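Below, each value reflects all heavy atoms present in this structure, side chains not excepted, and no hydrogens, waters or symmetry copies. Keep in mind that this is a model prediction, so the values were computed, not measured. Whatever order the structure lists them in is the order used to number ligands and atoms, beginning at 1.
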Amino acid sequence: MTHDNASVKLADLLFPDTKNTPSGGDTAYYETLYPPRNLPAGAAVTRLGPSPTGFIHLGNLYTAFMNKKLADETGGIFILRIEDTDRKREVTGAVETLISSLAYFGVTFDEGVTYDADSDRISESGSYGPYYQSARRDIYRSYVRKLILEGKAYPCFLTEDEINEIRTRQEREKRTPGIYGEWAKYRNLSCEEYAKRIEAGQNYVVRFKAEAESADTIEIVDGIRGKLTMPANVMDVVLLKSDGLPTYHFAHAVDDHLMRTTHVIRGEEWLSSLPIHVALFRALGFELPIYCHSTVLMKMDDGKKRKLSKRKDPELSLEYYRSDGYHPKAILEYLLTVINSNFEEWRAENPDAPIDTFEMTTEKMSVSGILFDLEKLRDVSKEVLVKIPATELADFVIHWAAMYKNEAHGALSADRDRLARILDIGRDGDKPRKDLSHARQIFDFISYFYDEFFEIRESYPAEVSDGDVPLLLQGYIDSYEPTDDRDVWFEKIRTLATENGYAAKPKDFKKEPDRYKGHVGHVSSVIRVALVGRASSPDLYEIQRILGAEKVRSRIQAAIRSK
Ligand code: GLU
């Protein structure tokens, strides 16, 4: 395409730098450098484009997971691109944290920015980079240059004060805020006039010259939401900021085109910018990707649904789940239950299938706000953990303690097989116990197995008098024989109960409450509190076998002494 001299002069004035780059400022160079990908038909190229702000939340994981799953299912590519054009918001170490947090939850990338925790090194892999937006400055500038040459963009010299004034007037007159129509006062200057101002050193940004009229609409099919009709973009949005870096909108169009992204799966908060993006893709002559706008995560608060908030809800942060020791498998299982409405049905039919055999479909995704529910997550987690072999679970708990419960790490890791036996109590048989949900809770449940964490937390049952407690405990220890089988052991407790005025069966006590002080359950409770410090626990017989005879005796004796 030939351009008139005036616009070439303007472009040269605006972008003297791009001339000396390998592309010479010519976008055709990039089109060849990043050719369409050679992938089988139907393979999805997806990406995650986080800003390195240091806060990684459940929404990021949720979006990342959907992108990854789609790429994996179709034999495509999942890219990590760091969107760091807003240098003010950048936090050091954010990229490392981001990559390791996502990796913890099983979300890894095929291409883009990588981080190796062992060597603490960040690098990039793939031939569609650089994958840091800040390193793509020349690319963006070449494409803005192209729009300038084609008369689709212009330098705008509005000062901050002028923009504020416009905003105030628009508010007062109840007009749509933004730079468009009559407010876009630099839109139609001649190239010579632009050049004069730039040569005079005036500050500027480059704005898009919106083509649509205010009544125009666009139609677009969203992968999750179906057909959408939206007002076309009439805003002269900023493409290049005064620091020479692009805005999110512009970088998105250029990057997703050049990285040959096929599906843009992102949060609902970007839906309102879609008309801008469609206008930019069209002006640049790029084919549109398939947009999939997922829904926001909500929670119930005081009977009302509201968006999860960074300020109010610690559970929005991914760190929350790591520090409480949720197993990544449980989190992913839960995410799938909220992502796809048919997942739970699939799970019921395929109880043991790994989740990557479930086929996620964008059409089955919710559009009306996902209710995030910690209780439900814990329930899902219990189902997931019960299927994880005890030795694996033991490793997981030990690993968690190393990071988040250091004072218990020594005790837990000293005997991994014993920990596995502890975790396995009551997990076999037709009705395995499903009460373990996350490492912090697990540790709390089992801490009494470790002397340094053992404490009497609960009181003896009210039915047993203070005087009876030591008597019963002494009686128990006198007849205690570690080799007794379960029946013999329990018979001895029954005898102990009846000899001391307690009913042999709860129902006998219920029938004649005046005849007995209590029943055998109360007697067992006394033993339980002395041994584990709490009124309820899994199977006491099993617990004693793991504790060992010596510890059983010493704990009972200590309980007698303290009465
Ligand atoms: N940088 C944007 C963010 O931080 C990415 C949005 C997108 O996926 O297009 O959310």
### Query
Got a sec, which residues hit side chain to side chain contact (heavy atoms under 4.5 Å, CB included) with D116, two or more places apart in sequence or on another chain?
D118, S119

### Query
Applying a heavy-atom distance cut-off of 4.0 Å, which protein residues contact ligand 1?
R47, G49, S51, E83, Y248, R266, W270

### Task
Flag the pair H327 / H438 as yes when their ring centroid distance falls below 6.0 Å, and as no otherwise.
no

### Task
May I ask you to check whether Y326 and W400 place their ring centers less than 6.0 Å from one another?
no

### Query
Salt bridge check: are R169 and E173 linked by an N-O gap of less than 4.0 Å?
yes

### Query
Can we say R260 and E31 salt-bridge, meaning some charged N sits less than 4.0 Å from an Asp/Glu carboxylate O?
yes

#### Entry: Aromatic plane relationship, Y143 with F286 - under 30° parallel, 30 to 60° tilted, over 60° perpendicular
perpendicular

